[in-house]
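Beneath this line is the structure, given in structure tokens, with notes to follow.
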Amino acid sequence: QVQLVESGGGLVQAGGSLRLSCAASGRTFNSYAMGWFRQAPGKEREFVAARGWSTSYRYYVDSVKGRFTNSRDAAKNTVYLETNSLKTENTAVYYCAAGRLSRVAGNRHRLENLYEYWGQGTQVTVSS
């Protein structure tokens with residue numbers, strides 16, 4: 001059974017940082033891309049970042065470039081989203097997702113319907 005389990009969310013002041021984790025299990029993800037999405041209150045879920053599990057494929061939404069980093073620890077089967085210089089508008093539930101790289105590559109990484117597996121989400125709240 002494939003599982004993606006996020007953790008690391010919490011309450012932080014504007015300008016602060018959090019490291020979100022996504023522990024993956026249940027299959028090998030070498031041919032997968034790992035995406036991060038978020039859903040703010042009253043808004044639709046949106047793409048944040050994506051990376052290939054074992055490739056150099058990397059994408060970020062423009063609003064987080066230079067502030068968020070999507071990394072991976074292969075030994076722990078875990079991907080991370082390092083979030084720095086957080087802003088109040090970054091308040092949301094953050095989800096990790098896994099989708100076959102062959103499906104989400106080519107600028108389709110923003111399409112959440114192409115991701116097969118999803119975590120339960122972790123809440124990030126940024127206060128002013």
Side-chain angles (χ1 to χ4, degrees):
Q1 181 182 1
V2 174
Q3 281 193 311
L4 303 178
V5 180
E6 299 101 329
S7 60
L11 174 63
V12 64
Q13 286 190 325
S17 301
L18 285 172
R19 187 176 77 161
L20 309 183
S21 301
C22 174
S25 62
R27 66 162 300 135
T28 58
F29 290 92
N30 290 337
S31 61
Y32 277 70
M34 305 302 291
W36 287 93
F37 292 77
R38 65 187 175 191
Q39 187 167 22
K43 296 187 177 181
E44 293 187 351
R45 191 157 55 186
E46 64 175 1
F47 170 80
V48 177
R51 61 161 292 142
W53 181 264
S54 56
T55 71
S56 60
Y57 184 89
R58 301 274 191 286
Y59 281 96
Y60 299 90
V61 68
D62 286 347
S63 62
V64 308
K65 285 180 181 177
R67 298 190 298 121
F68 289 15
T69 303
N70 194 359
S71 62
R72 179 202 62 152
D73 185 331
K76 296 182 178 180
N77 233 34
T78 299
V79 293
Y80 302 97
L81 187 67
E82 296 275 0
T83 64
N84 299 306
S85 302
L86 284 163
K87 305 176 181 180
T88 55
E89 56 262 40
N90 299 142
T91 293
V93 178
Y94 284 69
Y95 298 89
C96 72
R100 294 183 188 272
L101 188 58
S102 60
R103 298 186 71 197
V104 307
N107 211 30
R108 295 186 295 270
H109 45 264
R110 300 171 180 267
L111 302 179
E112 60 177 89
N113 61 305
L114 297 184
Y115 290 82
E116 298 173 45
Y117 307 109
W118 289 83
Q120 83 288 352
T122 185
Q123 176 71 48
V124 171
T125 303
V126 185
S127 64
S128 57

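Position 1 is the first residue of the sequence, and the numbers go up from there.
- Between the OG atom in S71 and the CZ atom in R58 there is a gap of 8.5 Å [rounded to 0.5 Å].
- At a threshold of 4.5 Å between non-hydrogen side-chain atoms, the residues V79 and W36 count as touching.
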With a 3.5 Å cut-off and sequence neighbours excluded, list the donor-acceptor pairs that the side chains of residues 20-27 form with protein atoms.
| unit_1 | atom_1 | unit_2 | atom_2 | d |
| --- | --- | --- | --- | --- |
| R27 | NH1 | Y32 | OH | 3.3 |

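- For the disulfide bond (SG atoms under 2.5 Å apart) condition, no pair includes a residue of residues 29-80, sequence neighbours left out.
- Pairs of residues two or more places apart, or lying in two chains, that qualify as salt bridge (charged side-chain N to carboxylate O under 4.0 Å, His left out) and include a residue from residues 59-74 are D62-K65.
- Y115 and F37 have perpendicular rings, their planes meeting at more than 60° on a 0 to 90° scale where under 30° would count as parallel.
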Please step through side-chain contact (heavy atoms from CB on, under 4.5 Å) for the pair T83 and V124, ending with a clear verdict. CA-CA 10 Å; T83 64; V124 171; 5.8 Å; no

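- Looking at residues two or more places apart in sequence or on another chain, you find a side chain to side chain contact (heavy atoms under 4.5 Å, CB included) between T125 and L11, T91, Q123.
- Put simply, the side chain of V64 reaches to within 4.5 Å of the side chain of V48, judged on heavy atoms.
- Listed by chain and number, the residues in a salt bridge (Lys or Arg N to Asp or Glu O under 4.0 Å) with E6 amount to none (sequence neighbours excluded).
- R100 is linked by a salt bridge (Lys or Arg N to Asp or Glu O under 4.0 Å) to E116, counting only residues two or more places apart in sequence or in another chain.
- Counting only residues at least two apart or in different chains, salt bridge (charged side-chain N to carboxylate O under 4.0 Å, His left out) contacts with residues 34-44 comprise R38-E46.
- Hydrophobic cluster membership differs between L81 and V5, with clusters built from Ile, Leu, Val, Met, Phe, Trp and Tyr side chains linked at under 4.5 angstrom.
- A distance of 7.0 Å separates CG in N77 from CZ in F29, rounded to the nearest 0.5 Å.
- At a threshold of 4.5 Å between non-hydrogen side-chain atoms, the residues R45 and V93 do not count as touching.
- K76 meets the salt bridge (Lys or Arg N to Asp or Glu O under 4.0 Å) test with no other residue; sequence neighbours excluded.
- Atom CG of residue L114 and atom OG of residue S102 lie 10.0 Å apart, to the nearest 0.5 angstrom.
- By the salt bridge (Lys or Arg N to Asp or Glu O under 4.0 Å) test, R51 pairs with no residue at all, sequence neighbours left out.
- Applying the ring-ring contact (aromatic ring centres under 6.0 Å, His included) test to every pair with at least one member in residues 59-89, sequence neighbours left out, gives these pairs: Y57-Y59, Y59-H109.
- Every residue two or more places apart in sequence or in another chain was checked for a ring pair (Phe, Tyr, Trp, His ring centres under 6.0 Å) with Y94, and none qualifies.
- A pairwise comparison of heavy atoms in Q120 and L4 identifies OE1-O, 3.6 Å as the closest pair.
- Counting all heavy atoms, side chain and backbone alike, A33 lies closest to V104 at CB-CG2, 3.4 Å.
- Other residues, nucleotides and ligands contribute over 12 non-hydrogen atoms within 6.0 Å of the CD atom of E89.
- Considering only residues two or more places apart in sequence or on other chains, S17 meets the side-chain hydrogen bond (donor to acceptor under 3.5 Å, both in side chains) condition with N84.
- Although no hydrogens or angles enter the test, the distance criterion places no donor-acceptor pair under 3.5 Å between the side chain of T88 and the main chain of S128.
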